[in-house]
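Both backbone and side-chain heavy atoms feed into the values below; hydrogens, waters and symmetry mates do not.
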Amino acid sequence: MKISEITVNCRVSDIIRAAELLEEVSPLSLSRLQRRLDIGYGRVAAIMDLFEALGIISPQNALNYEHTPLVTSREAVIRVIGYLHETLT
């Protein structure tokens, strides 16, 4: 799956909000982020795929299904905005 396909079903505001919550909900799991954003599983999974592709979070830990943030929330927002700017222009 291409990164550009990941954001098709996600609202920009949800992606940015997820980046802002990165440190707050660490360690990051799909269910934890889904509860905080109050959006569906598919959208959260797409956001997590995007974050992993952008190097914002680690691949999923096979033991507990969690991801480790690799950057701060601020850096995550910067990467997401940069990606969205390139994709949407």
Side-chain angles (χ1 to χ4, degrees):
M1 178 182 320
K2 295 178 188 173
I3 295 179
S4 59
E5 294 172 359
I6 292 172
T7 56
V8 170
N9 293 322
C10 297
R11 293 188 322 224
V12 170
S13 60
D14 291 336
I15 297 169
I16 292 179
R17 181 71 181 129
E20 292 171 341
L21 290 171
L22 192 63
E23 292 170 296
E24 208 173 299
V25 265
S26 179
L28 201 58
S29 70
L30 256 161
S31 60
R32 192 173 294 135
L33 191 57
Q34 183 181 8
R35 285 191 303 271
R36 292 299 299 268
L37 294 174
D38 196 29
I39 61 176
Y41 180 88
R43 286 186 177 163
V44 172
I47 291 170
M48 298 285 272
D49 288 344
L50 174 64
F51 284 6
E52 193 173 325
L54 293 176
I56 294 172
I57 60 173
S58 68
Q60 186 178 32
N61 180 330
L63 297 175
N64 58 12
Y65 305 106
E66 295 178 337
H67 299 263
T68 303
L70 302 175
V71 298
T72 64
S73 293
R74 183 173 190 263
E75 177 62 26
V77 170
I78 291 168
R79 288 186 190 190
V80 166
I81 289 172
Y83 162 75
L84 292 172
H85 177 71
E86 289 176 17
T87 304
L88 300 175
T89 56

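- The cluster map of Ile, Leu, Val, Met, Phe, Trp and Tyr, joined by side-chain heavy atoms under 4.5 Å apart, puts Ile81 and Ile57 in the same cluster.
- Interatomic distance, CZ of Arg43 versus CD1 of Ile15, reported as 10.0 Å (0.5 Å rounding).
- For the atom pair Arg11 CZ and Leu37 CG, the distance stands at 9.5 Å (nearest 0.5 Å).
- Side-chain contact between Ile78 and Val71: absent, with no pair of heavy atoms (C-beta onward) separated by less than 4.5 Å.
- Between the Glu23 side chain and the Ser73 main chain, a donor and an acceptor come within less than 3.5 Å of each other.
- Atom CG of Asp14 is separated from atom CG of Leu21 by 10.5 Å, given to the nearest 0.5 angstrom.
- At a threshold of 4.5 Å between non-hydrogen side-chain atoms, the residues Ser29 and Glu66 count as touching.
- For Ile16 against Val77, the heavy-atom pair with the smallest separation is O-CG2, 4.4 Å.
- Between Val80 and Phe51, the shortest heavy-atom distance links the atoms CG2-CE1, 3.6 Å.
- A distance-only check finds a donor-acceptor pair linking the side chain of Arg79 to the backbone of Gly55 [under 3.5 Å].
- Leu22 approaches Thr72 most closely through the heavy-atom pair CD2-O, 4.1 Å.
- When atom types are taken as modelled, the side chain of Thr68 and the backbone of Ser58 share no donor-acceptor pair closer than 3.5 angstrom.
- Residues Ala45 and Leu30 share a closest heavy-atom pair of N-CD2, 3.4 Å.
- Tyr83 places a side-chain heavy atom less than 4.5 Å from the side chain of Leu50.
- Counting heavy atoms from C-beta outward, Met48 and Gln60 have side chains that stay 4.5 Å or more apart.
- Side-chain heavy atoms closer than 4.5 Å link hydrophobic residues (I, L, V, M, F, W, Y) into clusters, and following such links, even through other members, never connects Leu28 to Tyr65.
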